[in-house]
**Student:** 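So that we are looking at the same thing, I have put the structure below in structure tokens.
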Amino acid sequence: MEGYRIPCCPGDYCIPKVKRSDAGVAGALTPVRPGSREELDILKTVRRSYLNEKFSSQYAVERISLVNNTKLETDFISKRQEMKEHGCDVTEKYLFSTSGSLKTFTKGKTAVQTQAKCALGDSTKGVYLKRNADICLRCQVAYHRENTHLLIYKAMLGRGLAVAPHSRSDPDPTHDCHVSREPPRLTDNYRDQYLKTQVYLYEYDDDGLPVQRPRQVLPYAAITLVDTTPTDEQGSPLTLH
């Protein structure tokens, strides 16, 4: 399937008029209009996250959608206020994943990692996301997946605990996430990059137990990708590069 191309727009941006009649419906997705400012901003966010600025893949963008889930947004705002009151960092970061379905993503559920990939903590007590979108996409290429979704989250890291990969530490009640002691580097092999890009986020409830969905993680947008090799007749699709 051919990915679409960004149409020309007068001026620097097209300001979209997004229909949000489904706003507030748990798990609703709002399509982003091709060529709109929203689309350009989302793609810039993805590219800015790349560890390798020269990364390119054969994936073409089929569509981009924004998540509308009032319950999750309300929880996110509530958690931000709580973290502020405790002196935590509430700067919003963009994190990424290619695991899980759109249905579970829009409801705030993230795919559970296998134990082999739980380098920073027990996946049954928190969620794993990644800083670098290109590392996510390289994994899809390696598994020869023709269709995939790049899932984008907003997250507040709060008080982060730097841990050594493979330590598999339990969540720490005095922190909000675990990150690798060493950031990924271009000179690392892919396996080490994959381990070091991960962020393990968690939250405790009033009973002192880890919750299944940390409120500081908010599903933001989904990019549906297809593996395509365009011909001259087809034209060039919008690719993530």
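The figures that follow rest on heavy atoms only: side chains count, while hydrogens, waters and symmetry mates do not.
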**Student:** Does R47 form a salt bridge (Lys or Arg N to Asp or Glu O under 4.0 Å) with D134? I'd like the steps, not just the answer.
**Tutor:** CA-CA 8 Å; R47 289 164 183 152; D134 58 330; over 6 Å; no
**Student:** Check whether T197 reaches the backbone of Q193 with its side chain - one donor and one acceptor, N or O, closer than 3.5 Å.
**Tutor:**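 Absent.
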**Student:** Taking the side chain from D205 and the backbone from D207, do they hold a donor-acceptor pair closer than 3.5 Å?
**Tutor:**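 A pair under 3.5 Å: yes.
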**Student:** Hey, is the main chain of K154 close enough, under 3.5 Å, to the side chain of E92 for a donor-acceptor pair?
**Tutor:**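 No, because the side chain of E92 does not come within donor-acceptor range (under 3.5 Å) of the backbone of K154.
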**Student:** Which pair of heavy atoms, one from D227 and one from Y59, lies closest together, and at what distance?
**Tutor:**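 So the two residues come closest at N-CD2, 3.8 Å.
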**Student:** What do the steps show when you test Y200 against L161 for side-chain contact (heavy atoms from CB on, under 4.5 Å), and what is the final call?
**Tutor:** CA-CA 10 Å; Y200 173 59; L161 178 64; over 6 Å; no
**Student:** Check this for me, if you would: do D188 and K196 make a salt bridge, where the nitrogen-to-carboxylate-oxygen distance has to be below 4.0 angstrom?
**Tutor:**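 The answer is yes: the pair qualifies as a salt bridge.
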**Student:** Apply the test side chain to side chain donor-acceptor pair (under 3.5 Å) to residues H175 and Y202: give CA-CA distance (whole Å), side-chain angles for both, the deciding distance (0.1 Å), then the verdict.
**Tutor:** CA-CA 8 Å; H175 292 81; Y202 50 83; 5.0 Å; no
**Student:** Identify, with sequence neighbours excluded, every residue that meets side chain to side chain contact (heavy atoms under 4.5 Å, CB included) alongside T174.
**Tutor:** D172
**Student:** Donor-acceptor check, side chain of N69 to backbone of L72, threshold 3.5 angstrom: yes or no?
**Tutor:** yes
**Student:** Between I152 and L95, is the side-chain contact (heavy atoms from CB on, under 4.5 Å) condition met? List the steps.
**Tutor:** CA-CA 6 Å; I152 308 173; L95 301 177; over 6 Å; no
**Student:** Side chain to side chain donor-acceptor pair (under 3.5 Å), that's the test. Do T30 and N68 meet it? Break it down for me.
**Tutor:** CA-CA 7 Å; T30 299; N68 291 310; 2.3 Å; yes
**Student:** For the pair D176 (side chain) and R159 (backbone), establish whether a donor and an acceptor sit closer than 3.5 Å, ignoring hydrogens and angles.
**Tutor:** yes
**Student:** Taking K71 first and then D75, would you say they form a salt bridge - that is, a charged N and a carboxylate O separated by under 4.0 Å?
**Tutor:** yes
**Student:** Hey, is R213 close enough to E203 for a salt bridge, meaning N to O under 4.0 Å?
**Tutor:**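 Not counted as a salt bridge, because no side-chain N and carboxylate O are separated by less than 4.0 Å.
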**Student:** Can you tell me which residue among Y153, F96, Y94 is in a ring-ring contact (aromatic ring centres under 6.0 Å, His included) with Y220?
**Tutor:** Y94
